[in-house]
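Every heavy atom of this structure was used, including side-chain atoms; hydrogens, water molecules and symmetry mates were not.
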Amino acid sequence: MKAIVVEFHDIAPEVRHFLFEVPEVAQLHFKPGQFVSFNETLNGKKITRPYSIVSLPQGNRFELCLNLVQGGVFTPHLFELQPGDSIETSAPLGFFVIRDPAKEAVFIATGTGIAPFRAMAPDYLSHPHANQLTLLFGVRLEHTIYYRGDFEALARKHPNFRFWPTLSRPVPSQGSSAWTGRTGHVQAHLLEAIGERRDVDIYICGLKAMVDDVRAILKGLGFDRKQIIFEKYD
Ligand SMILES: Cc1cc2nc3c(=O)[nH]c(=O)nc-3n(C[C@H](O)[C@H](O)[C@H](O)COP(=O)(O)OP(=O)(O)OC[C@H]3O[C@@H](n4cnc5c(N)ncnc54)[C@H](O)[C@@H]3O)c2cc1C
């Protein structure tokens with residue numbers, strides 16, 4: 001299938017939010033948390049890269065959040081795309097989706113690992129029997145808390161949703177007052193998010209080092225493998 005760029009805007013330095021449309025279908029079916037695989041031939045080589053969908057199903061449109069990897073093979077090409085340009089894509093794929101919204105859940109993300117959770121959080125909370133959901137989101141600086149407004153609005157609407165951004169470099173951004181929220185890595189707030197409870201599903205998304213570290217902590221706490229659902233970006 002071909003996906004056409006409808007529009008894009010930058011949400012942080014080197015992080016771009018895209019809206020795509022797939023003209024050949026009326027409805028793009030997917031579960032929140034799934035990804036599309038983009039394919040392109042660059043310098044005679046076929047390149048495939050998966051990207052998590054950051055939006056809920058909405059006709060034949062889908063949204064992505066892309067991080068420019070300096071020196072990367074594919075992302076510099078994606079950052080050249082302009083409205084009207086097209087790219088070859090797979091249908092949505094993947095198993096990183098909500099297992100049971102009636103069960104308490106903790107979502108853990110760093111950086112663009114937030115992407116699937118922007119769709120999965122409203123999906124979880126819209127369920128009539130939704131339990132408690134905590135989103136622990138680690139970034140370096142305050143202005144890189146991607147989709148902060150969306151998650152804060154969701155937390156205002158749903159008392160069973162806790163949005164916990166944490167900054168690893170809590171220096172005041174220009175024009176804003178000092179950060180009074182959580183600091184340090186997501187790992188430092190894991191125990192507080194889980195408490196004494198063990199009947200909790202943990203969803204983790206981000207780069208390998210963080211995902212493996214969090215999984216090791218959870219195993220040490222006695223979590224079963226089946227309760228730990230993860231997506232590694234590298
Ligand atoms: C299921 C899945 C979903 C993904 N969803 C997203 C998404 O929503 N948004 C997104 O920006 N990326 C996402 N990725 C990562 C994406 O597929 C590419 O790996 C990334 O865009 C880098 O491609 P590249 O060709 O530019 O870099 P490459 O030339 O392949 O170099 C990648 C190297 O850059 C480093 N790196 C730095 N930042 C990243 C990063 N964010 N992801 C991967 N590697 C990184 C890694 O160390 C890696 O070795 C996802 C990956 C998977 C497996």
**Report entry** Any residue meeting side chain to side chain donor-acceptor pair (under 3.5 Å) with Glu14, in chain and number order, not counting sequence neighbours
**Finding:**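 With sequence neighbours excluded, Glu14 shows a side chain to side chain donor-acceptor pair (under 3.5 Å) to Gln70, given in chain and number order.
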Query raised in the report: Residues in side chain to side chain donor-acceptor pair (under 3.5 Å) with Lys2, at least two apart?
Result: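 Checked Lys2 against side chain to side chain donor-acceptor pair (under 3.5 Å); matches are Glu88.
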Requested in this report: Can you spot which of Phe117, Phe35, Phe30 makes a ring-ring contact (aromatic ring centres under 6.0 Å, His included) with Phe96?
Outcome: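 Output: one option passes, namely Phe117.
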[X], [atom1]: over 12 other non-hydrogen atoms inside 6.0 angstrom:
X	atom1	answer
Arg198	CZ	yes
His158	NE2	yes
Arg225	CZ	no

Any idea how [X] and [Y] line up, ring-wise: parallel (<30°), tilted (30 to 60°), or perpendicular (>60°)?
X	Y	answer
Tyr203	Phe107	perpendicular
Phe18	Phe79	perpendicular
Phe137	Phe151	perpendicular

Requested in this report: Check for a donor-acceptor pair, side chain of Gln227 on one end and backbone N or O of Asp224 on the other, with a separation under 3.5 Å.
Outcome: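 Side chain of Gln227 to backbone of Asp224: a pair is present.
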Query - Check: Tyr147 ring centroid to His17 ring centroid under 6.0 Å - result: yes
**Report entry** Hydrophobic cluster identity match, Val69 and Leu42, side-chain contacts under 4.5 Å
**Finding:**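 Different hydrophobic clusters.
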**Report entry** Residues clustering with Ile217 (ILVMFWY side chains joined when closer than 4.5 Å, directly or via others)
**Finding:** Val106, Ile108, Leu136, Trp164, Val186, Leu190, Leu191, Ile194, Val200, Ile202, Ile204, Met210, Val211, Val214, Leu218, Leu221, Phe223, Ile228, Phe230
